[in-house]
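Only one structure is covered here, and it is reproduced in the block below.
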Amino acid sequence: MAETAVATVLQRLMDLMSQESDFLAGVQDEVVALQIELQGMQSFLKDADRKQEEEERVRNWVSEIREAAYDAEDIIEDFALKIALRKRSGVVNVTKRYATIPKEMVELHRVGREILALKTRLCNLTKSSETFGIVSKTGNSGSGGFEDMVSDSTSKRQLQLRRSYSHMVADGIVGLQEDVSILVEQLVHSESGVVSICGMGGLGKTTLALKIYHNKVVRHHFDAFAWACVSQQCHIRDVWEGILFKLISPSKEQREDILKLRDDELAKMLYQVQQEKKCLVILDDIWTIQTWNSLRPAFPYGKSESKLLLTTRHRDVAVHPDPTCYLHEPRHLNDEESWELFRKKAFLNNNYPDLRIRGKMEKLGKEMVGKCQGLPLAIIVLGGLLATKKSVYEWNMVHGTINSHLMRGKIGEQLLGVSEVLALSYRELPYHLKPCFLHLGHFPEDYEIPTKKLIRMWVAEGFISYEHNHTVEEETLEDVAQRCLNELVERCMVQVVERGSTGRIRACRMHDLMRDLCFSKARQENFLDVINHMKSKGHPVNTLTPYPSAAMSIGRLRRLAVISDGYLCKFIPSGYKRNSHLRSLIYFHENSCKIDKWGLVKSVFKNFQLIRVLDLEGFQGDGGKLPKEIGKLIHLRFLSLRDTDIEELPSTIGNLIYLQTLDLLTWNSTVLIPNSICKLQRLRHLYLPESCGYESENWPLADLINLQTVVNFPSEKCSIRDLIKLTNLKKLVIDDPSFGTIFKIRDMKMNALQSLSFVSNEDSTVNLVIAGCPHLYKLHIEGQIEKLPEHYQFSSNLAKLDLQGSKLTVDPMATLEKLPNLRILRLQMDSYLGKQMVCSDNGFPQLKSLFLYDLPNLEDWRVEEEAMPNLCRIEISNCTSLKMIPDGLRFVTALQDLEIRSMLKAFRTRLEIGGEDYNKIQRIPSIVFRYCDY
């Protein structure tokens, strides 16, 4: 984390040097010297980051570096703020200009003195690094990967506790029988040489692998067996030797000969044994691709009858040995399985409590088990803890602070507890991912995090840079951030809630216990704090507080989240006023939050002038104008007023020269927005209300050349032709039938555009637009078009298509089924006026979801036998002339969900048990009927 803080400050220094060189003339040498000192510090921090988990003195040293970097950032940004305010004041009069020179000289002298003191402080910290055995990565660090010894006692202890042994088979495990059957089938009958088990810490990967290792069918099928626990630090030769000894059971003399072999000879011998015998080798707990690459020369996977089974927390590691391998991801336990496992651990030897208290204990137990969210390790820890407590009072005490008990609890003294197991994942994160992970601690328990918003916050915070990602020229910072999120998912630290039509993550969440780890680490590093007003209402969000409040310096805090109970009397909680260090302020509440008046937000604007992220989503304060003091937040990069009742923005909004994201999708359809918004030349994402006011002033939107997103293009304020100059535009929502006119310009194309929603008034408009946007993957067309373009005119990337009010008279399926990557199709509100619709053999090869809404003329829908092979979901709503479900749906084996809404009762009757069409849908797991009683 300290390394990330230093990197952020360095980037800010470079920006300031290039943008404000005139103002920095008096302290330029000092700024350059600070840059050099910080760059040197970076090389030490990567080594220190690894060591600080084990040694308190190193942790304190890293903390001092982090605070020094934060101080540097504060000095720089405070100076930049004053520069910006001076520019804004517009001092043009020569007399006044000379009058300000003494003040500027004093200010420069002060800044120079502060930078010099900070440089000295950093220099002393660098010298002290030798005391802690921290070595620059550019020198001989002694941390060169797999050949290094684990030198400190804490790492040795963790490595020993994490080590798994093939003879230790856990008793009383539930919910694994189906997993065992699947994996045995893969190992015994599949041709694949590699089987991988991947999942988050504590999910039971090792337990499952042990079950496989001792399975009777597996034991009968293979000739020889070897188990190796790899873990984070491993010696490749030790792993090879251990596996070879288990596969051949050597005599004492053979063992001594093997120990004398060179590494390449040892690898060759192990390789040959697996070719000659039918072996099963299990590599438990592999953490990195580099580890596998080092182990790989000894394994002939795919070239013999031997098989390899590996367990890992990282998806990329799981599939790296063989991209075609069978990847098994164990699920979390369901409620019944969770209770059964808990009961076996909490009530040892069926030692149930007295009947009089059993009911109370079971009620408390089920509530506590629910907090484990199906994570076996957490349930085992909880059961072991409660097995020693015999009274309802003791169970109640645990119930009151359940998360804290879970995170602290251990499985005896021989195995790591939940906190330590999950913390291993954090410890092994690359340093540039750590702030991204800690930032997730802002969000309440069970909160579904919208990833677009999350990613834009990461970019605004400065967490994302091209330096740590080998990126192609066309990639944006948002694309890099998306890959960072993907990596956290691959590492099983973040769970996917929903994916979009192209497979991108739309929403994510964290397991409660992983979130508790995240929050505790974030508080430990003064990274963020959360104020929860819901506690008083019995809805605890942060039940875990592993570090006392005194450990967090409120005055040094960088980020704050406030969870409201629906009413807020003041924006800044007591104790946080005048915190000049705050960079992020986010509010959470259910649906909306009432405030007395919008004037209260002035306190934020006045006190947190270095803030970068401000999320005011959902506040309701009886409308009015956003206070003009918003213009003081020169450093603001992310501002959300979504779902607020703001009616007008002040002209000072134009002062926010660094703003990247502005979200004005308010409750009001009209918000008065001044044309000073077009001064925000770093703006990347702009969400506007339906109307931006009625003044006749024009907006030179074409000046905002960095725009990637424009929702509700203000055609009443801007020329449609401005869009031509927005060459970085990726998403556009526009409600203007004249939009298509710009494509009449010869060879006009919007090559960056990926998502488009527009209104059509003629077929030619649609043809021009589709031809001019060759990289679209999302398309929403509203309005009459009558005839679709030919399938080859659409982008081959098109994954989602929504047609509304199109009034097509020719069956659209004949064209749309030829789109090779179409995954989601919505036909709505008279988009098709015909009576018959046919989905042909081999049509819609990738379609996942089909929605047919408000097609009142549709009578006959046919699906041929090999159509839509990947269709998972169908929704039919208000197609009241449709007589029956197609026979061909019987052949769509991927279909999982069918929802029927607002259809005639007779249609529903045919689909119910005993109905004429029930045999067509009886194998579909989820069938839902809504409003079908008329």
Side-chain angles (χ1 to χ4, degrees), residues 442-444 447-450 452-454 456-457 460 528-537 539 541 559-574 576-577 579 582-609 611-633 636-650 652-653 656 659 661-674 677 685-693 711-712:
H442 281 93
F443 299 93
Y447 190 87
E448 291 190 6
I449 305 168
K452 277 188 179 178
K453 184 175 183 177
L454 175 69
R456 288 165 190 175
M457 285 181 174
L528 71 86
D529 197 11
V530 176
I531 302 300
N532 181 13
H533 295 303
M534 296 288 282
K535 289 180 181 178
S536 60
K537 298 223 171 186
H539 301 289
V541 175
R559 294 163 191 87
L560 179 64
V562 179
I563 302 171
S564 166
D565 59 0
Y567 174 75
L568 206 65
C569 60
K570 55 184 178 180
F571 276 88
I572 304 178
S574 301
Y576 291 88
K577 290 184 178 180
N579 184 334
L582 205 68
R583 294 301 192 273
S584 173
L585 181 58
I586 305 175
Y587 296 88
F588 295 97
H589 31 255
E590 292 184 10
N591 302 319
S592 64
C593 181
K594 180 68 178 174
I595 54 176
D596 290 336
K597 56 182 179 180
W598 274 102
L600 293 173
V601 80
K602 289 181 185 178
S603 60
V604 173
F605 303 159
K606 291 178 178 178
N607 290 295
F608 303 146
Q609 293 190 15
I611 202 165
R612 295 175 181 172
V613 172
L614 180 59
D615 187 359
L616 300 172
E617 183 173 332
F619 280 115
Q620 303 293 312
D622 295 327
K625 188 175 183 178
L626 192 70
K628 65 180 180 180
E629 286 79 4
I630 185 72
K632 293 180 180 292
L633 305 185
L636 197 63
R637 288 158 169 79
F638 179 98
L639 174 61
S640 177
L641 295 167
R642 181 174 290 218
D643 293 334
T644 66
D645 62 354
I646 281 291
E647 297 170 343
E648 185 177 355
L649 295 186
T652 55
I653 197 76
L656 309 183
L659 199 64
T661 298
L662 178 59
D663 192 338
L664 299 172
L665 288 178
T666 64
W667 276 17
N668 299 309
S669 59
T670 299
V671 178
L672 299 178
I673 301 175
I677 195 175
H685 308 284
L686 179 59
Y687 293 83
L688 294 168
E690 292 178 18
S691 173
C692 300
V711 172
N712 293 331

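Worth saying up front: this structure is predicted, and the values here are computed from it rather than measured.
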Rounded to the nearest 0.5 Å, what's the gap from CD on E629 to CG on N607? Could you check?
11.5 Å
If you define the side chain from C-beta out and look only at heavy atoms, does anything of I630 sit under 4.5 Å from K602?
no
Flag side-chain contact, heavy atom, 4.5 Å: P650 against K625:
yes
Applying side chain to side chain contact (heavy atoms under 4.5 Å, CB included), run through L636 and L614 and close with a yes or a no.
CA-CA 8 Å; L636 197 63; L614 180 59; 3.9 Å; yes
Within the 6.0 Å centroid threshold, strictly below: F571 and F619
yes
Does a side-chain N-to-carboxylate-O contact under 4.0 Å join K594 and D622?
yes
Close side-chain approach of P573 to L560, heavy-atom, < 4.5 Å:
yes
Looking at side-chain heavy atoms only, is the closest gap between I572 and V604 below 4.5 Å?
yes
Identify the heavy atoms of I611 and S584 that sit nearest to each other, and give their distance.
CG1-N, 3.8 Å
Closest non-hydrogen atoms of T652 and K628, given as atom of the first, atom of the second and distance, are OG1-O, 2.7 Å
For P627 and W598 the tightest heavy-atom approach is CG-O, 3.6 Å
So CG of L641 and CG of L662: to nearest 0.5 Å the spacing works out to 7.0 Å
Student check: side-chain heavy atoms of V711 and L688 closer than 4.5 Å:
no
Is there a side chain to side chain contact (heavy atoms under 4.5 Å, CB included) between T661 and L639? Walk through the geometry before answering.
CA-CA 6 Å; T661 298; L639 174 61; over 6 Å; no
Supply the atom-to-atom distance M457 CE to R612 CZ, rounded to the nearest 0.5 angstrom.
14.5 Å
Value for CZ (F588) from CD (E617), rounded to nearest 0.5 Å, stands at 9.5 Å
Between D529 and R559, does any NZ, NE, NH1 or NH2 come within less than 4.0 Å of an OD or OE carboxylate oxygen?
no
Gap separating the CG atom of D643 from the CD1 atom of I646, nearest 0.5 angstrom
13.0 Å
For a side chain to side chain contact (heavy atoms under 4.5 Å, CB included) check, start with the C-alpha distance between Y587 and L568, then their side-chain angles and the critical distance, and finish with the verdict.
CA-CA 10 Å; Y587 296 88; L568 206 65; 3.8 Å; yes
I want to check something: taking the side chain as every heavy atom from C-beta on, are V601 and L616 in contact at a cut-off of under 4.5 Å?
yes
Would R642 count as a cation-pi partner of Y687, with NZ or CZ less than 6.0 Å from the six-membered ring centre and within 45° of the ring normal?
yes
Full working for side chain to side chain contact (heavy atoms under 4.5 Å, CB included) between L626 and E648:
CA-CA 6 Å; L626 192 70; E648 185 177 355; over 6 Å; no
Note, E647 side chain near T666 side chain (heavy atom, < 4.5 Å)
no
Distance, nearest 0.5 Å, that separates OG1 of T670 from CG of N668:
8.0 Å
When you compare the side chain of Y567 with that of D596, does any pair of heavy atoms fall below 4.5 Å?
yes
In terms of heavy-atom contacts, I653 and P674 come closest through CG2-CG, 4.0 Å
